[in-house]
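Notes follow once the structure below has been shown.
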Amino acid sequence: MKIYVAQNSGFCFGVKRALRKTFEAVKQKNRKIFTYGPLIHNDQVINKLKESGVNSVETIDDAKDSTLIIRSHGIPLDIYDKAKLNNIEIIDATCPFVRRVQEIAKEYYNNGYKIVIVGNPKHPEVIGINGWCDNTAYIIEEYNQINKIDTTQKMCVVAQTTITLEKWNSIVNELSKKVKELREFNTICLATKDRQEACAEIAKKVDLMIVIGGYHSSNTQKLFEISKNYCNNSIHIETADELPIELLDKCEKVGITAGASTPDWIINDVVKKIENKGGD
Ligand code: F3S
């Protein structure tokens, strides 16, 4: 049996960086450490963090007099001030690619542009970006929502880093027909695009495609969708324990990919389980 592990699977640069900063903080700090929301969408990693004494909080008030890690999604600008008032030391693990979107939103908002964010209004990254333009942005998920907004003003459009290029193009094409002065910043992160392309390439050529990642992780769900488009025999699991080993019986080629919040050790566990079944 041949096993293909997709390139660009598992932790992205921003998630690796956030975890490194968190474990460094665990080693160095004497204060209690919290993360602002779950650090990543992976229960196994969250459990490891809890074992190291790192828990997540939902509001700034719950982290008074502590150290607070900002996850890669970032936070609204006013949270930094609230942290200061509550004697909270911030360790900022906002992904630099997300920070760029926040800075664009802030700069153009200050220059009189209406900010448009293409993305999911409930996603913490989008809520965070909106907080860099006084929570005044239009947040658009589908191009037909453009009919409901005032397009007579000058506008600056940015993307949630994990949306697809198709979504971005459909919305920006529509906006550019209606808005006279439109500044566009395609802020989609290449890590997402590369991961999705690598998943499709492997799914095309295997008998079974295994997508590993948290069930709540939106980028893992997206990979699973892409995988199913190219390989009917696709499954989504969180850990090696969940791999139905009998599925491997008739397979000659097995593909593996993993979401941005899936650690290497879980990917390796799955590979080992397949190899023990009678690998290459
Ligand atoms: Fe950053 Fe891209 Fe990951 S924006 S957190 S490197 S998906």
Side-chain angles (χ1 to χ4, degrees), residues 6-25 35-46 49 54 56 68-77 79 90-106 115 117-133 137 139 141 157-168 184-200 211-227 257-264 266-267:
Q7 278 184 346
N8 308 303
S9 58
F11 285 164
C12 64
F13 154 79
V15 168
K16 272 189 197 153
R17 182 171 168 273
L19 272 167
R20 178 174 42 78
K21 280 179 179 266
T22 305
F23 283 112
E24 276 171 12
T35 60
Y36 194 67
L39 194 65
I40 62 174
H41 290 130
N42 182 285
D43 289 345
Q44 291 71 35
V45 175
I46 294 295
L49 287 170
V54 180
S56 84
L68 185 65
I69 315 249
I70 306 306
R71 57 190 173 176
S72 54
H73 299 316
I75 52 170
L77 200 48
I79 300 282
I90 293 267
I91 295 182
D92 200 344
T94 304
C95 177
F97 300 132
V98 175
R99 175 51 48 84
R100 178 171 168 255
V101 194
Q102 295 170 337
E103 298 281 7
I104 292 170
K106 183 172 166 219
I115 305 299
I117 307 168
V118 180
N120 173 355
K122 293 192 183 132
H123 193 285
E125 179 192 320
V126 173
I127 294 168
I129 297 165
N130 196 14
W132 286 61
C133 55
I139 301 170
E141 243 183 325
V157 57
V158 294
Q160 179 183 346
T161 54
T162 48
I163 62 163
T164 61
L165 191 59
E166 294 76 55
K167 177 161 286 190
W168 169 259
E184 303 163 22
F185 294 90
N186 175 351
T187 47
I188 297 174
C189 169
L190 287 181
T192 306
K193 184 173 155 278
D194 291 348
R195 186 184 315 273
Q196 292 176 351
E197 284 174 2
C199 169
V211 180
I212 315 168
Y215 292 120
H216 303 299
S217 152
S218 61
N219 79 83
T220 306
Q221 288 162 3
K222 183 77 203 164
L223 286 178
F224 186 41
E225 269 172 43
I226 292 170
S227 176
T257 188
S261 43
T262 307
D264 284 351
I266 293 187
I267 303 173

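Just so you know, ligand 1 is whichever comes first in the structure, and atom 1 is the first atom listed for that ligand. Computed from a predicted structure; not experimentally measured.
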Of the non-hydrogen atoms in Ile117 and Gln160, which two are nearest, and what is the gap between them? CG2-N, 4.4 Å
Starting from atom 6 (S) of ligand 1, what is the nearest protein heavy atom, named by residue and atom, and what distance separates them? Gly14 N, 3.5 Å
Lys21/Glu24 salt bridge by N-O under 4.0 Å criterion: no
Working to the nearest 0.5 Å, report the span between CG of Asn42 and OH of Tyr215. 11.5 Å
Under 4.0 Å from one or more heavy atoms of Thr161, ligand 1 contributes atoms 4 (S)
Using a strict cut-off of 4.0 Å, indicate which atoms of ligand 1 neighbour a heavy atom of Cys95. 1 (Fe), 4 (S), 5 (S), 6 (S)
Straight-line distance of Thr262 OG1 to Leu223 CG, nearest 0.5 Å: 8.5 Å
Would you say Cys189 has an N, O or S atom lying under 2.8 Å from atom 2 (Fe) of ligand 1? yes
Verify the neighbour count for atom CD of Glu103: are there more than 12 heavy atoms of other residues, nucleotides or ligands below 6.0 Å? yes
Out of Pro96, Cys12, Gly259, whose heavy atom sits nearest atom 7 (S) of ligand 1? Cys12
